[in-house]
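Note: hydrogens, waters and symmetry copies are ignored here, and every other heavy atom, side chains too, is used.
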Amino acid sequence: MKHRIVVLGAGYAGAFAAGNLARRLSPADTEITVVNAVPDFVERMRLHQLAVGQDFAFRKLADVFAGTGVRLRLARVTGVDPERKTVAVTGKDGDGELPYDTLLYALGSSVAHHGVPGVAEYAFDVTGMSSALRLRERLAGLGEGGTVLVVGEGLTGIETATEFAESRSDLSVALAARGELGAWLSPKARRHLRQAFDRLGITVHEHTGIEAVEPTRAIAADGTSIPADVTVWSAGFAVHPIAAASGLEVAETGQIVVDRTMRSVSHPDVYAAGDCAYAIGENGRPLPMSCASAGFTNMQATAAIIARLTGSEVPTTGLKYYGNHISLGRRDAIFQMVDGDVRSKSWYLGGRTAAWLKSGVLKGAGWGIAHPTFGMPKRKRRLATAPDRAGVRVAA
């Protein structure tokens, strides 16, 4: 009986991990299944572009995994039972269960509402395909002078506000920041950011926490009313409660607590990668939810799975966060390096060169997903042990 590896989620972490596993493990010993709710690979870092009306083709996961030996199951994950080693799913074929021997949990994250009244009912976000398309339809219906308020001064908020302002100069775009805009950037990068906001005509409401969202406005903590035909909520990310409900050990954030190899500290047959993994970086702090972290954690998780299944020494990959690359529309960007304590270094790169580099990062990530087994060893490794049909480990 083959060793069953199930990968939950085909985002930046899950899609590449599945291809990596398929390329390096012998299909004579392993069976790899990827479960994903939608048929396309969603380039999450470009969803704000999709929302504002830009068009680009999404890759079909069936094409991505064609010829790799990876099985694709289009379904939504509804539960995980780590004691029985099963995953509950639902899709067009109805409800079902998938048994596993090794599970890689990479379901990502969604927008965090933080319990703010009206966010779930009236706000939009760019954390998923369906929500980005919903926002796209709403923005298309806004005429000249329409107002858009982006809530959140993180990377997603900044990229969304600048993209909207550049692409839709007929709209009035504003951003609400709990603190100072770009406070985490170096002084020169912060000035560059402010100049970009001024150039694009974006109104900034600093030190403004939003405590309620209504159909045509947002209410700040001090009672100020900010007009908004559309409110885009980008005030942080949250993981799905499935992991916590399953009995896996999770952090306060709901992320799965993992060891240095991305293995669950409570269930050794479960690994986590991407936003849903509570992984400690080389600086002793949790890795931030980001595409970069998805890359680090999926490489470590797949390396650990392969090593343990084939009886090899488990290698460690770097878990260091190097910096932030922020698009400011299509022709401007900021690349800010950080030190080991995630403090911004004095040096930064901005302007068209930074925008060109960011475009290269996006294209590279997309190409890597489209070719998940490219450049990896052609030798497929056999498992050191294999389970018999009763589930007992025996020598291979």
ask   = Under 3.5 Å, is there a donor-acceptor pair linking the side chains of Ser167 and Gln54?
value = yes
request  = Using a cut-off of 6.0 Å, state whether more than 12 heavy atoms not belonging to Glu144 lie near its atom CD.
outcome  = no
key: Check: Val89 and Asp95 side chains under 4.5 Å, non-hydrogen atoms   = no
ask   = Is there a side-chain contact between Phe164 and Leu135 (heavy atoms, below 4.5 Å)?
value = yes
inquiry  = Under 4.5 Å between side-chain heavy atoms, counting indirect links through other Ile/Leu/Val/Met/Phe/Trp/Tyr residues: same cluster for Val232 and Val119 or not?
reply    = no
inquiry  = Checking the side chain of Arg136 only, and the main-chain atoms of Leu50 only, is there a donor and an acceptor separated by less than 3.5 Å?
reply    = yes
query = With distance as the sole test, does Asp125 use its side chain to make a donor-acceptor pair with the main-chain N or O of Ser131 at under 3.5 Å?
reply = no
ask   = Would the number of heavy atoms belonging to other residues, nucleotides or ligands and lying under 6.0 Å from CH2 of Trp356 be above 12?
value = no
Neighbour count >12 (heavy atoms, 6.0 Å) for atom OH, Tyr122 = no
key: Test item: Asp29 side-chain N/O and Leu383 main-chain N/O as donor-acceptor pair under 3.5 Å   = yes
query = Taking 4.0 angstrom as the limit, do Lys345 and Asp339 come out as a salt bridge?
reply = no
ask   = Is it the case that Gln336 and Ser186 place a side-chain donor and acceptor less than 3.5 Å from each other?
value = yes
Within-4.5 Å side-chain heavy-atom neighbours: Thr86 and Glu97 = yes
request  = Inspect the contact between Lys358 and Glu159 and indicate whether a charged nitrogen and a carboxylate oxygen are less than 4.0 angstrom apart.
outcome  = yes
request  = Answer yes when Arg84 and Asp81 have at least one side-chain N-carboxylate O distance shorter than 4.0 Å, and no when they do not.
outcome  = yes
key: Side chains of Thr102 and Arg308 in contact at under 4.5 Å (non-hydrogen atoms)   = no
key: Interatomic distance, Phe124 atom CZ to Leu139 atom CG [nearest 0.5 angstrom]   = 7.5 Å
Whether over 12 other heavy atoms sit under 6.0 Å from Tyr348 OH = yes
key: Any donor-acceptor N/O pair, Trp233 side chain to Ala120 backbone, under 3.5 Å   = no
Lys85 bridged to Asp269 by N-O distance under 4.0 Å = yes
Spacing of Ile5 atom CD1 and Arg71 atom CZ [to the nearest 0.5 Å] = 12.5 Å
ask   = Taking side chain as C-beta onward, heavy atoms only, is Leu349 less than 4.5 Å from Ile334?
value = no
ask   = How many angstroms lie between atom OG1 of Thr147 and atom CZ of Arg217, to the nearest 0.5 angstrom?
value = 12.5 Å
query = Atom CZ in Phe197, atom CG in Leu328: separation rounded to 0.5 Å?
reply = 7.5 Å
message = Counting only heavy atoms from other residues, nucleotides and ligands, does the tally under 6.0 Å from CZ of Arg194 exceed 12?
response = yes
query = Donor-acceptor pair, Gln255 side chain versus Val239 backbone, under 3.5 Å?
reply = no
ask   = At what distance, to the nearest 0.5 angstrom, does CG of Leu309 lie from CG of Leu25?
value = 6.0 Å
request  = In plain terms, say whether Asp332 and Arg199 are close enough for a salt bridge, that is, a side-chain N and a carboxylate O under 4.0 Å apart.
outcome  = yes
request  = Check whether any side-chain heavy atom of Val7 lies under 4.5 Å from a side-chain heavy atom of Val35, and answer yes or no.
outcome  = no
message = Let me confirm one number: the CE-OG1 distance from Met45 to Thr156, rounded to the nearest 0.5 Å.
response = 10.5 Å
ask   = Does some side-chain heavy atom of Thr316 sit less than 4.5 Å from a side-chain heavy atom of Gln300?
value = yes
query = Does a side-chain N-to-carboxylate-O contact under 4.0 Å join Glu206 and Arg178?
reply = no
request  = Side-chain contact test, heavy atoms from C-beta onward, threshold under 4.5 Å: evaluate it for Glu43 versus Tyr12 and give yes or no.
outcome  = yes
